[in-house]
Amino acid sequence: MEITSIPFLNQEEYSYFYSFFQDLHTDDTQDNKRRKLDDDDFDQDFNEILNFINDQDIPNSIFQMPTSKIEIPNSDFENRASEMADWEQGRVRKTRISSPVGSYGGGAAEDGGVRRRLWVKERSKGWWKYHDSDECPDDEFRKAFRMGKSTFNMICDELDLVVTKKDTMLRTAIPVRQRVAVCIYRLATGDPLRKVSTLFGLGISTCHKLVLEVCAAIHTVLMPKFLKWPDQNRLNEIKTEFGSISAIPDVTGSIYTTHVSIIAPKTNSEAYYNRKHTNRNQKPSYSTTIQGLVDPRGVFTDICIGYPGSMSDEQILEKSALSRRSKMGCLRVVGNSGYQLKDWMLVPYTHKNLTWSQHSLNQKIDEVEKIGKDAFMRLKGRWGCLQKRSEVKLQELPTVLGACCVLHNICEIYGEEMDADLRFDLYDDDMEMESKDISVNALMVRDSIAHNLLHHSQGLDL
């Protein structure tokens, strides 16, 4: 370090400085405390000193700081930093990523802009990158997502405008294909979010958010296209197809209601209490419902989602839009014994000692009813999240269940066959119906259909 010599002051100079500081000390003594000079007083006093120095021609070099730098040995600091880095790397590997935006003002980083950087945890995306590549066979992709790549690409194209997010200064946006894949995989397998997070290289909370966002997009964009009430031409086709299957005239759909297990709600939990599931599981069980009307292909044409599991099939039907639609006429629905016989609802005979015509009608009704039940079997078989107790909040659950029904329709329309090992047997879905007065006209219509079917079958035998 360079040391600069400073000459001694003469007697006159010393007297001036002594008297100046003596005055300051005298003021403090009179106030009986040490006062602090504010910035203005300090500047004024310092300027007086500088003026005096200029008048006395004292060299400026006296008040200049040394130009040489003070070097502090940093070997120990570097060693400690290296040890801390090694220890931190052993705990969690983290990387510092650059923002896609060049600078705060929007300039490019090459032009000198400052990039914002964010510490994020490194996660492997190898599983998803493989399934999203051409190396992954279509059969393997279908096993993970319950559909082929062409159907998956169609869904991504339809949802692109709604699901796409913009890059931010902190990170690049998750691609649309990955967003849709996270949702479909979660619905298809029902795997825990921790496993989904590992496979796709994303955070657990991010995966949960993506599932809800994509389900909402499916409800908004795809449901009006793939799950809608058929027009008159399609209704005539449905009646003809059901007629060729069962010989029952003017059937517009097969109805069925299934239950999805849920966590006990914090409020009004008794409404969702499912007695049959409780008896089978030997512990309190709660559920919500999905009522669906399907066409001969097993495609949903009408759904009603979210009513409590303690309600009977008939109670749900009365509150659904399908019941209001029946008042418009031109509707005949076939269901099981959990529904009440109506002018537009055809159910089997339940009393004993059936006649031959009644027994024959029950067989035909079973054939139509099986179409609806098989559709729900494929619905729950494809989308494993419906087989387990759902952890989704009750207010968000209808959107998720509706997305499963829309994806089911897409698979059925595009001919996506379900693997045999995914078959799921429905159980405990039939709820007892409260006995009510049945319309006399409904009884006469059912007897007439049974009579005509018997003669129709005898005519064919002849």
Side-chain angles (χ1 to χ4, degrees), residues 229 235 238-259 275-276 289-296 300-304 307-376 426 428-457:
W229 185 255
L235 278 177
I238 291 174
K239 293 178 182 179
T240 302
E241 293 174 8
F242 273 123
S244 62
I245 295 173
S246 64
I248 301 176
D250 299 330
V251 175
T252 53
S254 175
I255 192 172
Y256 191 82
T257 301
T258 190
H259 291 251
R275 185 171 57 83
K276 282 196 171 183
T289 58
I290 305 176
Q291 173 191 278
L293 185 72
V294 303
D295 65 9
F300 291 107
T301 57
D302 182 88
I303 57 173
C304 180
Y307 280 105
S310 63
M311 296 177 62
S312 66
D313 296 348
E314 177 63 24
Q315 290 174 329
I316 297 172
L317 177 62
E318 290 178 354
K319 294 180 177 296
S320 66
L322 187 63
S323 179
R324 296 189 295 270
R325 192 186 299 275
S326 66
K327 299 177 181 179
M328 301 170 60
C330 300
L331 182 65
R332 174 170 290 170
V333 176
V334 174
N336 55 32
S337 57
Y339 299 96
Q340 183 179 354
L341 179 66
K342 298 182 177 66
D343 295 340
W344 57 275
M345 171 67 74
L346 187 62
V347 299
Y349 293 97
T350 56
H351 60 269
K352 298 180 180 179
N353 301 323
L354 300 178
T355 64
W356 185 254
S357 61
Q358 294 172 343
H359 178 73
S360 177
L361 177 61
N362 279 2
Q363 289 182 332
K364 298 299 182 179
I365 291 177
D366 288 342
E367 293 177 1
V368 178
E369 180 193 343
K370 186 175 183 298
I371 295 175
K373 191 171 183 178
D374 287 347
F376 275 91
L426 301 175
D428 293 343
D429 283 337
D430 295 335
M431 305 292 290
E432 289 89 355
M433 182 192 65
E434 298 179 0
S435 58
K436 294 182 179 181
D437 295 336
I438 300 176
S439 168
V440 176
N441 183 63
L443 291 172
M444 295 177 59
V445 169
R446 184 173 64 175
D447 292 339
S448 175
I449 294 174
H451 178 77
N452 293 335
L453 284 178
L454 178 63
H455 288 280
H456 176 73
S457 61

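Numbering starts at 1 and runs along the sequence shown.
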Task: Over all atoms of both residues, closest heavy-atom pair of S254 and G372 - done: OG-N, 3.3 Å
Open item on the list: Tell me if a side-chain donor or acceptor on R332 pairs with a main-chain N or O of L346 at a distance below 3.5 Å.
Closed with: no
Task: Validation row: V333, L317 side chains within 4.5 angstrom (heavy atoms) - done: no
Open item on the list: Please list all pairs meeting salt bridge (charged side-chain N to carboxylate O under 4.0 Å, His left out) that have one or both residues in residues 350-359, counting only residues at least two apart or in different chains.
Closed with: none
- [ ] Output all residues satisfying salt bridge (Lys or Arg N to Asp or Glu O under 4.0 Å) with D250, sequence neighbours left out; order by chain, then residue number.
- [x] none
Open item on the list: Just to verify, what does Q363 make a side chain to side chain donor-acceptor pair (under 3.5 Å) with, not counting sequence neighbours?
Closed with: H359
TODO: Compare all side-chain heavy atoms of R446 with those of I438 and state whether any distance is below 4.5 angstrom.
DONE: no
Open item on the list: Has T289 got a side-chain atom pairing as donor or acceptor with G309's backbone, closer than 3.5 angstrom?
Closed with: no
Open item on the list: Once side chain to side chain donor-acceptor pair (under 3.5 Å) is applied, do any residues pair with D447, and if so which ones, sequence neighbours excluded?
Closed with: Y349
- [ ] Would you please name every residue forming a side chain to side chain donor-acceptor pair (under 3.5 Å) with S357, sequence neighbours left out?
- [x] T355
TODO: Heavy atoms only: give me the nearest V294-A375 pair and the separation to one decimal.
DONE: CG1-CB, 3.9 Å
Open item on the list: For a 4.5 angstrom cut-off between non-hydrogen side-chain atoms, does T252 reach R325?
Closed with: no
Task: Nearest-0.5 Å distance, SG of residue C304 to CG of residue L322 - done: 9.0 Å
- [ ] Can you sort out the partners of K319 under salt bridge (Lys or Arg N to Asp or Glu O under 4.0 Å), two or more places apart, ordered by chain and number?
- [x] none
TODO: Kindly compute the distance separating CD (E369) from OH (Y339), expressed to the nearest 0.5 Å.
DONE: 9.0 Å
Task: Straight-line distance of D313 CG to Y256 OH, nearest 0.5 Å - done: 8.0 Å
Task: Spacing of N441 atom CG and S448 atom OG [to the nearest 0.5 Å] - done: 10.5 Å
Open item on the list: Y307: which residues meet the ring pair (Phe, Tyr, Trp, His ring centres under 6.0 Å) condition with it, sequence neighbours left out?
Closed with: none
- [ ] Show your reasoning for whether side chain to side chain contact (heavy atoms under 4.5 Å, CB included) applies to L341 and L443.
- [x] CA-CA 8 Å; L341 179 66; L443 291 172; 3.6 Å; yes
Task: Heavy-atom pair of closest approach, residues L331 and W229 - done: CD1-CH2, 3.8 Å
Task: Over all atoms of both residues, closest heavy-atom pair of I371 and P296 - done: CG2-O, 3.9 Å
Task: For K364, salt bridge (Lys or Arg N to Asp or Glu O under 4.0 Å) partners two or more places apart - done: none
TODO: Taking ring pair (Phe, Tyr, Trp, His ring centres under 6.0 Å) as the test, write out the residues that go with F300, two or more places apart.
DONE: F376, H408
Task: Those residues that, when tested against E241, pass salt bridge (Lys or Arg N to Asp or Glu O under 4.0 Å) (two or more places apart) - done: R234
Open item on the list: Measuring from atom CD1 of I255 to atom CE of M345, what distance do you get when rounded to the nearest 0.5 angstrom?
Closed with: 4.5 Å
Open item on the list: Using modelled atom types and a 3.5 Å cut-off, is there a donor and acceptor pairing between side-chain atoms of T301 and backbone atoms of L293?
Closed with: yes
TODO: Before giving the answer on side chain to side chain contact (heavy atoms under 4.5 Å, CB included), spell out for H351 and Q358 the whole-Å C-alpha distance, their side-chain angles and the decisive distance to 0.1 Å.
DONE: CA-CA 10 Å; H351 60 269; Q358 294 172 343; 3.3 Å; yes
- [ ] Give the minimum heavy-atom separation between Q315 and M311, together with the two atoms involved.
- [x] OE1-CA, 3.3 Å
Task: Minimum side-chain heavy-atom gap I248-L361 below 4.5 Å - done: yes
Task: Pairs flagged by salt bridge (charged side-chain N to carboxylate O under 4.0 Å, His left out) wherever residues 334-346 is involved - sequence neighbours left out - done: E314-K342
Open item on the list: Applying side chain to side chain donor-acceptor pair (under 3.5 Å), can you list everything that pairs with S323, at least two apart in sequence or on another chain?
Closed with: none
